[in-house]
Amino acid sequence: MTAETFLASLHLSTPELILAVGALVLLMIGVFSGEKSSGLVTGLAVGLLAVSGVWLIWQTGDGQAYNGAFLSDPFAKFMKVLTLVGSMVALIMSAGEARSTGIDRFEFPVLIVLATLGMLLMISANDLISVYLALELQSLALYVVAAMNRDNLRSTEAGLKYFVLGALSSGMLLYGMSLVYGFTGHTGFEGIATALSTEGRSLGLIFGLVFILAGVAFKISAVPFHMWTPDVYEGAPTPVTAFFAAAPKVAAMAMLIRLVIMPFQSIVADWQQIVVFISIASMLLGAFAAIGQKNIKRLMAYSSIGHMGYALVGLASGSMAGVRGVLIYMLVYMVMTLGTFACIMAMKRKDGNHVEEVDDLAGLSQTNPFMATVLTVMMFSLAGIPPLAGFFAKYFVFMAAIEAHLYALAIIGVLASVVGAYYYLRVIKLMWFDDAKGEFARPSGVLRLVYGLSGLFVLAYVLIGGPIGTAAEVAARTFF
C-alpha cells in the first residue's frame, strides 16, 4: 500500500477514525475527572456521534479502502446513518435515567461509542476477517454494557448469558468462515464471488455458509438463535435494552445483507432456503410466544424476534426490491422501537421506582393521555395497521416476496401479523379501557421529545415516505 492509497483509505474511513480517537479521549477524560464526569462524557459522546454522522454524509466519498477490506458506498452510508442515529438517541435517553438504573458511570458512553464503531466497521466490511474483527469489537462492548449494573442480579445474569451464548455464536461464525476460506482460497468478498462463479459450489462451502448464517442469526436474534433475547432484554437496564433493540440490529442486518448478496450471489438458491426457514420460524415464534408475556420488556423482546423475521422476508427474495424493503423496514423498526422504549422508560412511579409489568399500563389514558396516545400509535404501527409506518414497512417486504414467487412465505407473514396483533391490542385495551392502578411520575422532557417525535414519524410516514423510499432504492442499487 502506497502513501497515496493509505491517505485515501484514511479519508474513506474518517467517521470510524473520529469515533476510535474520540473514544480514547473520552476514556482519558473520565479517568482523570473521576466518577462525577459521567454527564460530561455522555454529552461529549453524543457530540462525537453527531460529528461522525455529519462527516459521513457530507465528506465521505465512495470506494474501497485498506486493500479492499473496507467499503464505502451508498448502502453503507444509509445503514451507518441509521446506526449512528439509533446510538445517539439511545445515549440521550439514558442520560436522564442513568442514576436510577445503575449505569451512572463514565465507562457507559465510552462503551456505546466503541460498540457503534464496531457496527460501522461491520456495515463496511468487505472481507471475512474484517467482518469478524468488527463483530467482536461490537460484541465485547455490548457484553460489558449488558452487565453494567453490577449490583443488580438480573443485570449480571443477563450479561453472563449474553457473553456465553455470544461466544458460542462467534465460534460458529469463525468456523464457517474458515470453511469458506478453505474451499475458495479467499477471504475477500470479490475473491469468493469469483471462485464460486468459476469453480462452482462444493458441499464444504455450503456447510461454511450455514455456520456463517447461524452466527449472524444470533446477532439479529432470529430463531433458533434467539434464546438470549428475552432474558437479556428483561435483565439489562432499560436504557441498555433500548440500545440493544435499535442500533445493533440495524448493523447486524446490514452485515447479513452484504454477506449473502456480495460473495454468495451466484448461489442464491442455497442461502435463500436457510433465510426462508429462519424468517418463518422467527415470525411464528415472535407471534405466539409473546401472547403470555407479563413483562413489557420481554414482550418487546419477542416482538423484536418477530420483526427480524419480517425483515428477512425481503432478504429471502434476493432482489433489489427485497433489499430496498429491508432497508425501509429497519428504519421504521428502529424509530418504532426507540419510541416504545422511551415510553417504557417513562413507566416510573412517583416514589422513583421503575415498573415493567404490562398491567402497570392500565388506565394510562386517564393519567397521561399524551403518552397513552403515542404508545397506542406505536402498538398499532408495530402490528402493521394502515396507514401507519409499520404497515408500509411490511407491505414492501411482502411485495418483494410475492414478486420473487415466495407466496407461502408472504402468506405465513401476513397470518403471523394477525396473530401478533393480539398482544399489541391487549396493551391498547389496558391503557384505554381498564381502571388506573396508579399514576406515573412526570416523564423527563427528553423522553417526551423522543416518543413524541417517534409518534409523529409513524403518523406522517405516508407523507414523507417518498424521499425515504428513494434513498433506500439508491442504497439497494449498490448490489445490483
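Since this is a predicted model, take the numbers as computed values, not measurements.
Residues I112 and T116 are in side-chain contact: their nearest non-hydrogen atoms beyond the backbone lie under 4.5 Å apart. In this structure the side chain of S279 reaches within 4.5 angstrom of the side chain of L409, judged on heavy atoms. Residues L24 and M28 form no side-chain contact, since every pair of their non-hydrogen atoms from C-beta on lies 4.5 Å or further apart. Y423 is not listed as a side-chain neighbour of V358, based on a closest heavy-atom distance of 4.5 Å or more. Looking at Y233 and N295, their side chains never come closer than 4.5 Å, going by heavy atoms from C-beta outward. Under the 4.5 Å side-chain criterion, counting only non-hydrogen atoms from C-beta, S94 is in contact with L91. With contacts defined as side-chain heavy-atom distances shorter than 4.5 Å, the pair S87/F243 qualifies. Put simply, the side chain of F108 reaches to within 4.5 Å of the side chain of V240, judged on heavy atoms.
The two residues A252 and I220 have their closest heavy-atom pair at CB-CG2, 3.4 Å. Closest approach of M330 to L82, counting heavy atoms only: C-CD1, 4.3 Å. Taking both residues in full, the closest heavy atoms of A476 and V323 are given as CB-CG1, 3.8 Å, listed atom of the first, atom of the second, then distance. Listed here is the closest heavy atom pair of Y310 and A416: OH-C, 3.3 Å. In plain terms, the two heavy atoms of A342 and M93 that are nearest each other are CB-SD, 3.6 Å. Heavy atoms only, all atoms of each residue included: D359 and R426 are closest at OD1-NH2, 3.6 Å.
The closest side-chain donor-acceptor pair between T376 and W432 falls under 3.5 angstrom. A donor and an acceptor atom, one from each side chain of S52 and K80, are nowhere located under 3.5 Å apart. In summary, the side chains of S303 and Y424 do present a donor paired with an acceptor at a separation below 3.5 Å, with no hydrogens or angles considered. Between the side chains of Y329 and H307, a donor-acceptor pair is found at a separation under 3.5 Å.
Ion pair D360/K348 not flagged as a salt bridge, since none of the NZ, NE, NH1 or NH2 atoms sits closer than 4.0 Å to an Asp/Glu carboxylate oxygen. Salt-bridge formation is not detected for the pair E357/K294: no Lys NZ or Arg NE/NH1/NH2 atom is positioned less than 4.0 Å from an Asp or Glu carboxylate oxygen. Salt bridge status for R154 with D231: absent, with no side-chain N to carboxylate O gap under 4.0 Å. Using a 4.0 Å cut-off between a side-chain N of Lys or Arg and a carboxylate O of Asp or Glu, E234 and K297 do not qualify as a salt bridge.
Using the six-membered ring where Trp is involved, F244 and Y162 have ring planes that are tilted, between 30° and 60° apart. Ring geometry, F370 versus Y451: the interplanar angle falls from 30° to 60°, so the pair is classed tilted.
Taking CG from L174 and CD from E136, the interatomic distance works out to 8.5 Å, rounded to the nearest 0.5 Å. For the atom pair L71 CG and N126 CG, the distance stands at 3.5 Å (nearest 0.5 Å). Atom CZ of R258 is separated from atom CG of L256 by 12.0 Å, given to the nearest 0.5 angstrom. Atoms OG1 and CD, on T238 and E356 in that order, are 5.0 Å from each other to the nearest 0.5 Å. I261 CD1 to L315 CG: the interatomic distance, rounded to the nearest 0.5 Å, is 6.0 Å. A distance of 11.0 Å separates CG in L459 from OG in S454, rounded to the nearest 0.5 Å.
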Exercise. Would M308 and M253 satisfy side-chain contact (heavy atoms from CB on, under 4.5 Å), going step by step from the backbone distance to the final call?
Worked result: CA-CA 9 Å; M308 290 302 104; M253 187 62 76; 3.9 Å; yes
For this session: Decide yes or no on side-chain contact (heavy atoms from CB on, under 4.5 Å) for F163 and L168, but give the supporting numbers first.
Result: CA-CA 9 Å; F163 171 69; L168 174 66; over 6 Å; no
For this session: Carefully, step by step, assess K249 and S304 under the rule side-chain hydrogen bond (donor to acceptor under 3.5 Å, both in side chains).
Result: CA-CA 9 Å; K249 294 286 178 71; S304 172; 2.5 Å; yes
Exercise. Taking it one step at a time, do R442 and R448 satisfy side-chain contact (heavy atoms from CB on, under 4.5 Å)?
Worked result: CA-CA 10 Å; R442 182 176 171 80; R448 289 203 307 275; 3.2 Å; yes
Problem set entry | side-chain contact (heavy atoms from CB on, under 4.5 Å) between M336 and F457, worked out | CA-CA 9 Å; M336 294 188 300; F457 175 89; over 6 Å; no
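A donor-acceptor contact shorter than 3.5 Å is absent between the side chain of S37 and the backbone of S33. In this structure a side-chain-to-backbone donor-acceptor pair under 3.5 Å is present from S365 to M431. When atom types are taken as modelled, the side chain of W271 and the backbone of F264 share a donor-acceptor pair closer than 3.5 angstrom. W228 contributes no side-chain N or O that, together with a main-chain N or O of S221, makes up a donor-acceptor pair within less than 3.5 Å. In this structure, the side chain of S178 engages the main chain of Y175 through a donor-acceptor pair within 3.5 Å. In terms of modelled atom types and a separation under 3.5 Å, the side chain of S282 and the main chain of V223 share a donor-acceptor contact. Checked by atom type and distance alone, the side chain of S130 pairs as donor or acceptor with a backbone atom of D127 at under 3.5 Å. Q138 contributes no side-chain N or O that, together with a main-chain N or O of L120, makes up a donor-acceptor pair within less than 3.5 Å. A donor-acceptor pair is defined here as one N or O able to donate and one able to accept, closer than 3.5 Å; such a pair exists between the side chain of S317 and the backbone of G314. Of the possible polar contacts, one joining the R105 side chain to the M148 backbone as a donor-acceptor pair under 3.5 Å is found.
When the shell of 6.0 Å around CD1 of I57 is examined, it contains more than 12 heavy atoms from other residues, nucleotides or ligands. Counting non-hydrogen atoms of other residues, nucleotides and ligands closer than 6.0 Å to OH of Y132 gives a total above 12. Within 6.0 Å of OH on Y143 lie more than 12 heavy atoms contributed by other residues, nucleotides or ligands.
Relative to the ring axis of F396, R324 places its NZ or CZ within 45° and under 6.0 Å from the centre.
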